[in-house]
Colleague: 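Below are the structure tokens for one structure; questions will follow.
Just follow the structure's listing: the first ligand is 1, and inside any ligand the first atom is 1.
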Amino acid sequence: MTKNIVVLKNVHKIYDPDGVRVHALRGIDLEVKEGEMLAIMGPSGCGKSTLLNLLGGIDSPTQGNIVINGIDITTLSDGEKTTFRRDNIGYIFQLFNLLDFLTAIENVALPLLLQGYTMSAAMEEAKMLLRQLGLGDRIYHYPNQLSGGQAQRVAVARALMTHPAIILGDEPTGDLDTTTSLDIMSLFRRINRQNKQTLIIVTHSRTIAEKCDRIVHIEDGKIVREESVQSAKEEIA
Ligand SMILES: Nc1ncnc2c1ncn2[C@@H]1O[C@H](COP(=O)(O)OP(=O)(O)OP(=O)(O)O)[C@@H](O)[C@H]1O
Ligand SMILES: [Mg+2]
């Protein structure tokens, strides 16, 4: 039986900046299997990014437990969370979050440098991955010299660089045209199959969501519906 790599139990998140209380997640129960591709959908403001930030250990729940790869991350200190994130999670943010003062290849190599790779080894790996993503002739460009789709692919490369067990993508294909979006989804599916990596992505696009194995619908901080995607399963077979 495939193990659950992610288990959420009764997760709540309440934001309270300056006394304005927002109950962003209201009791999320969710299990994700190792090697699954999961899409999260729902209207703007329903709590999707909040959920992803909790999964990535970037923020903490107000209540509930989040167990990832057998570790309850809600019990970790900030330092332990940083290490946990570095070793287990690849994150593609809603806004690409590339570092403006680094070139494409430097942005992609950075996670490996943080893991202790030498500069030349990290740059070599980064170059290979960028080539695979069709960016071989853009590796020395800075983010502001790239198109939106190219910058997004650099962000994808950076998240994949350390072969994390879990890849979290907040609108990883947002703002891209359909062809480029589907290319990125094919890449996700390929690495998902090759390495059994688990992918959890937020998307507004039904077409993109249907490339995953399962779709979870969130409304107003709660999971309201789930569907398994038949065509995705057939493609795997
Ligand atoms: N740091 C924060 N402080 C206070 N409130 C927040 C914070 N982050 C999010 N919220 C609120 O929590 C709710 C959920 O926000 P979230 O960003 O998770 O939505 P979302 O589903 O990702 O929306 P979108 O599709 O527009 O990206 C919103 O009402 C938002 O205003
Ligand atoms: Mg969001």
Side-chain angles (χ1 to χ4, degrees), residues 6-32 36-68 73-74 76-78 81-82 85 89-98 143 148-149 151-156 158-159 164 166-178 180-182 184-185 188 198-227 229:
V6 172
V7 180
L8 272 70
K9 286 216 173 80
N10 194 28
V11 168
H12 287 256
K13 178 66 184 179
I14 296 170
Y15 293 109
D16 196 359
D18 313 319
V20 184
R21 229 174 104 94
V22 179
H23 202 152
L25 295 179
R26 304 165 176 259
I28 298 279
D29 291 305
L30 178 67
E31 293 178 351
V32 185
E36 187 174 5
M37 274 175 79
L38 178 74
I40 298 171
M41 298 190 79
S44 179
C46 73
K48 304 179 298 295
S49 295
T50 300
L51 177 59
L52 228 56
N53 288 342
L54 297 186
L55 287 170
I58 289 168
D59 203 354
S60 306
T62 312
Q63 187 191 320
N65 293 94
I66 301 177
V67 178
I68 295 181
I73 61 168
T74 56
L76 301 181
S77 68
D78 283 351
K81 253 193 243 173
T82 305
R85 233 184 359 252
I89 308 274
Y91 212 123
I92 304 156
F93 291 89
Q94 192 162 11
L95 305 166
F96 322 139
N97 237 44
L98 295 175
Q152 188 66 320
R153 275 179 280 163
V154 173
V156 168
R158 188 183 52 183
I166 302 177
I167 294 152
L168 303 173
D170 201 347
E171 303 266 4
T173 62
D175 292 339
L176 299 183
D177 60 80
T178 314
T180 313
S181 300
L182 290 174
I184 287 186
M185 290 311 290
F188 282 160
T198 307
L199 278 107
I200 304 177
I201 63 162
V202 167
T203 179
H204 281 112
S205 156
R206 178 87 206 168
T207 313
I208 293 302
E210 283 176 351
K211 296 290 169 195
C212 294
D213 303 314
R214 183 162 59 117
I215 308 174
V216 162
H217 295 267
I218 299 185
E219 277 172 33
D220 201 16
K222 288 195 209 99
I223 293 178
V224 290
R225 194 158 60 89
E226 275 196 27
E227 28 177 344
V229 181

Colleague: Assess whether a salt bridge exists between Asp29 and Lys9, defined as any Lys/Arg side-chain N lying under 4.0 Å from an Asp/Glu carboxylate O.
Modeller: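 A salt bridge is absent here (no side-chain N lies under 4.0 Å from a carboxylate O).
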
Colleague: Count the heavy atoms belonging to other residues, nucleotides or ligands that lie under 6.0 Å from CZ of Arg21, then report whether that count exceeds 12.
Modeller: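 At most 12 heavy atoms, drawn from other residues, nucleotides or ligands, come within 6.0 Å of this atom.
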
Colleague: Do you know the tightest heavy-atom contact between Leu54 and Ile66?
Modeller: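 Reported closest heavy-atom pair: CB-CD1, 3.7 Å.
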
Colleague: List, ordered by chain and residue number, the protein residues whose closest non-hydrogen atom lies under 4.0 Å from any atom of ligand 1.
Modeller: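 Ligand 1 is contacted, at a heavy-atom distance under 4.0 Å, by Tyr15, Pro17, Val22, Ala24, Pro43, Ser44, Gly45, Cys46, Gly47, Lys48, Ser49, Thr50, Gln94, His204.
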
Colleague: Can you find a pair of side-chain heavy atoms, one from Phe188 and one from Ile208, that are under 4.5 Å apart?
Modeller: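 No - every pair of side-chain heavy atoms lies 4.5 Å or more apart.
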
Colleague: So, do Ile200 and Leu52 sit near enough that their side-chain heavy atoms are less than 4.5 Å apart?
Modeller: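 The answer is yes, as the side chains (C-beta and beyond) meet within the 4.5 Å cut-off.
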
Colleague: Using 2.8 Å as the threshold, say whether any N, O or S atom from Ser49 sits that close to the Mg ion (ligand 2).
Modeller: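 Yes, within the cut-off.
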
Colleague: Any salt bridge between Lys48 and Glu219, counting N to O under 4.0 Å?
Modeller: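 Salt bridge absent between Lys48 and Glu219.
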
